[in-house]
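Heavy atoms only: backbone and side chains are in, while hydrogens, waters and symmetry mates are out. Remember, it's 1-based here, ligands and their atoms both numbered in the order they're listed. Quantities reported herein were computed from a predicted structural model and do not represent experimental measurements.
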Amino acid sequence: MSKQIFQPNAEFAKNANIGSMDEYNKLMNKSKDNYEGFWGEYAKEKLDWIKPFDSVLDESNAPFVKWFDGGKLNVSAQCIDRHLDTRKNKAAIIFEGDRGDVQTITYLDLYKNVNKFSNLLKEDFGVKKGDRVVIYMPMIPEAAYAMLACARIGAIHSIVFGGFSSEALKDRIEDAEAKVVITADGAYRKTKPYMLKPVVDAAITEGSPVEKVLVVERNNEEVTWVAGRDYSYNELIKNKSTHCRYEEMDSEDPLFLLYTSGSTGKPKGVQHNSAGYILWAQMTMEWVFDVKENDTYWCTADVGWITGHTYIVYGPLAMGATTVMFEGVITYPDAGRPWAMVENHRINQFYTAPTAIRVLHKMGEDTPKKYDLSSLKVLGTVGEPIDPPAWKWYYEEVGSSKCAIVDTYWQTETGGHIVSPLPGATPIKPACATLPLPGIMAEILDPETGEKVTEGESGYMCITKPWPSQIRGVWGDEERYVKSYFGDVTKDGKAVYFTGDGANYDEDGYITITGRTDDVINVSGHRMGTAEVEAALKKESEVAEVAVVGKPHELKGEGIFAYVVLKHGLDDSRFEDDVAMMKNLNGIIKKEIGAIAVCDDIVFIPGLPKTRSGKIMRRILRAIAKGEKITQDISTLEDPSVVATIEKMVNG
Ligand code: PRX
């Protein structure tokens with residue numbers, strides 16, 4: 001059945017950067033006809049080069065590719081310095097604190113703050129080009145300064161989301177061999193202080209590569225200071241010069257690492273490099289959000305995720321936009337908080353995750369009506385498939401049926417949007433990411449044949465040509481990069497990039513993303529590897545075996561469901577009851593990964609369904625978690641009777 005279709009707002013389309021499907025098609029065809037010409041032109045037009053590039057794309061060592069080779073630039077200068085002539089007094093960042101405190105940082109302020117920060121890192125901490133710096137920060141402007149200061153001096157930042165535990169932070173610090181950590185004492189959540197510094201303290205144990213820790217004093221709560229290691233940002237920054245010459249970086253010099261979960265093993269350090277990343281970050285801001293010179297744009301993500309990197313900091317600042325940064329919780333003090341912020345700051349583009357939309361919908365269906373949301377032009381969503389009821393509420397109640405919804409599909413590895421509507425051009429359908437963006441050769445392929453699938457068929461979401469903002473490598477593990485992304489699908493004899501997602505085309509060639517095909521769970525738009533959660537659960541000595549799967553969740557999209565086999569069997573546990581064991585296991589997860597990975601369901605079962613070769617049949621476990629009846633042939637299992645037992649235990 002075909003979905004409802006909504007045409008772009010005609011008034012909006014008149015001034016949109018891409019204002020019709022004709023324009024979209026022209027751009028798409030241009031990129032298909034002359035791929036390198038298309039990208040070369042944009043790279044020249046959009047970026048300020050210290051030295052022009054010699055070649056557009058070098059695929060001779062694919063899948064290791066080079067974009068804009070020979071060129072020199074600096075990403076911090078792209079985001080700040082080049083705006084000083086025309087925008088020095090324009091707001092670069094509008095910060096709203098948890099408690100409602102507001103700070104406006106102009107491009108000139110940003111320039112000074114980032115330069116001082118760069119000088120601090122160089123002079124006091126000896127940070128040099130190529131060094132890795134871990135950033136473990138709350139959502140405060142200093143997080144953005146830290147990122148841009150690293151970019152300015154050529155250091156590679158690796159942000160770790162503030163919700164990760166000390167163990168998770170430690171793993172990431174050690175994998176990247178970071179010698180500096182930038183953190184804060186803590187920040188505020190629901191008006192109460194919460195702490196980050198103690199987590200950093202616990203992550204730096206003997207043998208840690210970390211030499212120095214910089215602490216931004218945000219909530220001024222008591223913290224421990226380790227002499228010779230920990231320094232106050234607030235003190236050191238005082239006498240720093242507001243000028244720091246930026247490093248001349250090669251196009252392919254690394255800009256940052258961002259750890260993300262895969263289906264196996266530990267999280268991988270996704271590496272993004274300078275020129276290609278910043279080019280696409282800027283272009284997609286202009287195309288997908290259609291941000292104009294006087295607009296105020298707000299993305300509710302955290303800088304600890306790729307969305308925060310590309311669409312709070314790098315993309316908006318590269319194009320000279322005003323970006324809002326929010327420290328608090330969008331449902332606090334009530335579900336009117338985001339709409340009050342839209343009204344107060346006259347926000348024009350609002351970008352959030354389906355989980356947030358579902359929660360805001362549930363908590364305050366009529367709340368948007370109480371606010372003046374007339375400034376809104378574009379509404380965005382990202383991170384997981386959005387369900388039609390949430391989409392409809394967003395469109396009608398938040399956007400008053402006049403704003404485009406851009407359902408942006410992309411991932412940490414793609415650096416920026418891949419498949420998305422263009423607000424002034426693409427007729428949209430609820431819960432549909434629609435079409436690939438111009439320049440992006442995204443296709444749904446049959447994993448067996450590598451052929452493009454036809455209407456109504458499902459396949460693998462692939463990208464058949466390298467693109468400028470693509471992942472450049474997995475930090476320290478070339479083989480894992482090749483295997484993880486180029487090992488599954490071959491088209492015309494060439495390994496192509498596979499996203500890990502399934503998708504299908506509808507009768508208009510529109511793409512709907514159906515979700516991961518691998519063992520990655522998407523919890524509230526956050527990627528969790530089942531292997532990571534299983535490894536954490538196995539730290540409990542009572543656990544013999546464990547299998548973790550995703551289960552649909554009303555608000556979170558997916559919840560985590562763990563099947564646990566205890567060593568002492570079902571009746572013989574040394575714990576008084578299952579509840580105590582569940583609490584204990586979730587406590588371990590909090591310690592090993594963080595509260596975001598806590599299991600919604602834990603069931604203790606007598607054994608896992610396995611093939612005779614010992615492979616766990618996750619498909620069966622996923623189906624049982626969903627409450628489905630098992631109808632498939634299970635006679636090849638080592639012990640088929642276990643399936644009925646588990647079914648009965650879970651679904652009664
Ligand atoms: O499964 C897809 C889902 O989120 C995954 C990427 O997660 P991450 O790297 O953490 O980045 C999230 C923010 C870009 C994808 O593989 N995903 C992302 N956007 C969408 C989506 N699923 C459906 N629709 C989307 N718009």
Mind checking whether [X] and [Y] have ring centres under 6.0 Å apart?
{"X": "Tyr136", "Y": "Phe161", "result": "no"}
{"X": "Trp467", "Y": "Tyr497", "result": "yes"}
{"X": "His309", "Y": "His157", "result": "yes"}
{"X": "Trp410", "Y": "Tyr311", "result": "yes"}
{"X": "Tyr259", "Y": "Trp305", "result": "no"}
{"X": "Tyr351", "Y": "Phe289", "result": "yes"}

For this session: Would you tell me which option among His417, Glu413, Arg527, Glu558 has the nearest heavy-atom contact to atom 7 (O) of ligand 1?
Result: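 The nearest heavy atom belongs to Arg527.
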Problem set entry | Proximal candidate to atom 15 (C) of ligand 1 [heavy atom criterion; set Ile511, Val419, Asp501] |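 Considering heavy atoms of Ile511, Val419, Asp501, the nearest to atom 15 (C) of ligand 1 sits in Asp501.
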For this session: Provide, to 0.1 Å, the distance between atom 18 (C) of ligand 1 and the closest protein heavy atom, together with that atom's residue and name.
Result: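 That would be Trp410 O, 3.2 Å.
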For this session: If you have a sec, work out which protein heavy atom is nearest atom 6 (C) of ligand 1 and how many Å separate them, to one decimal?
Result: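 Nearest protein contact, heavy atoms only, for atom 6 (C) of ligand 1 is Gln411 CB, 3.5 Å.
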Looking at ligand 1, does any of its N/O atoms fall within less than 3.5 Å of an N/O of [X]?
{"X": "Gly383", "value": "yes"}
{"X": "Thr260", "value": "no"}
{"X": "Thr307", "value": "no"}

More than 12 heavy atoms from other groups under 6.0 Å of [atom1] on [X]:
{"X": "Glu448", "atom1": "CD", "answer": "no"}
{"X": "Lys494", "atom1": "NZ", "answer": "yes"}
{"X": "Glu396", "atom1": "CD", "answer": "yes"}

For ligand 1, is any non-hydrogen atom under 4.0 Å from [X]'s backbone (N, CA, C, O), its side chain (CB onward), both, or neither?
{"X": "Thr412", "value": "both"}
{"X": "Glu384", "value": "backbone"}
{"X": "His526", "value": "neither"}
{"X": "Val520", "value": "neither"}

Exercise. Which atom names give the shortest non-hydrogen contact between Ile405 and Ile428, and what distance separates them?
Worked result: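 Smallest interatomic distance, heavy atoms only, reads N-CD1, 3.4 Å.
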Exercise. Does Gly500 reach ligand 1, in the sense of a heavy atom lying below 4.0 Å from it?
Worked result: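 Distance cut 4.0 Å: Gly500 fails for ligand 1.
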Exercise. For ligand 1, is Pro385 a contact, meaning one of its heavy atoms is under 4.0 Å away?
Worked result: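 Yes.
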Which ligand 1 atoms, with their elements, are less than 4.0 angstrom from a heavy-atom of [X]?
{"X": "Val382", "value": "13 (C), 14 (C)"}
{"X": "Ile513", "value": "22 (N), 23 (C)"}
{"X": "Asn522", "value": "3 (C), 4 (O)"}
{"X": "Thr408", "value": "19 (N), 20 (C), 25 (C), 26 (N)"}

Problem set entry | Ion pair check, Arg618 and Asp519, cut-off under 4.0 Å |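 So Arg618 pairs with Asp519 through a salt bridge.
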